[in-house]
Amino acid sequence: MAKTMDPAFFVAWRKNAGLTQLRLSEILDANISTIKKWEAGTRRIPSYMGLLMAAIDKGLEPLGAEAMIEVEDHKS
């Protein structure tokens with residue numbers, strides 16, 4: 001059985017971190033609708049989110065940021 005984070009815990013963490021849904025979506029490079037669905041409990045919060053939350057709390061920067069390259073966005 002898969003596990004997911006309690007949405008209420010996620011919302012409380014985000015607010016305690018002083019992040020808006022929009023800012024968190026920018027940090028994670030995720031669509032804001034994804035954040036909203038996680039918080040509403042209509043989409044499972046990925047199991048790795050706890051690691052990302054810890055990194056954000058510690059102010060860590062992504063590894064490989066200097067190796068990021070531009071790609072065409074095929075989202076529609």
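Leu51 and Met5 are not part of a single hydrophobic cluster, where members link through side-chain heavy atoms under 4.5 Å apart. Linking ILVMFWY residues whenever their side-chain heavy atoms come closer than 4.5 Å, directly or via other members, leaves Val11 and Leu22 in distinct clusters.
Between atom CD1 of residue Ile56 and atom CZ of residue Arg14 there is a gap of 11.5 Å, rounded to the nearest 0.5 Å.
Taking the charged nitrogens against the carboxylate oxygens, Glu39 and Lys36 have no contact shorter than 4.0 Å, which rules out a salt bridge.
Under the side chain to side chain contact (heavy atoms under 4.5 Å, CB included) rule, Arg43 has a single partner from Ile35, Thr4, Thr34, which is Thr34.
Met53 and Phe9 make their closest contact through CE-CE2, 3.8 Å (heavy atoms, listed as atom of the first residue, atom of the second, distance). Across every non-hydrogen atom of Pro7 and Gly41, the tightest pair is CG-CA, 3.8 Å.
Using a 4.5 Å cut-off on side-chain heavy atoms (C-beta onward), Trp13 and Leu19 make contact. When side chains are defined from C-beta on, Trp38 does not count as touching Leu24, because their heavy atoms never get closer than 4.5 Å. Put simply, the side chain of Met49 reaches to within 4.5 Å of the side chain of Leu28, judged on heavy atoms.
In Leu63, the CG atom is not crowded: 12 or fewer heavy atoms of neighbouring residues, nucleotides or ligands sit closer than 6.0 Å.
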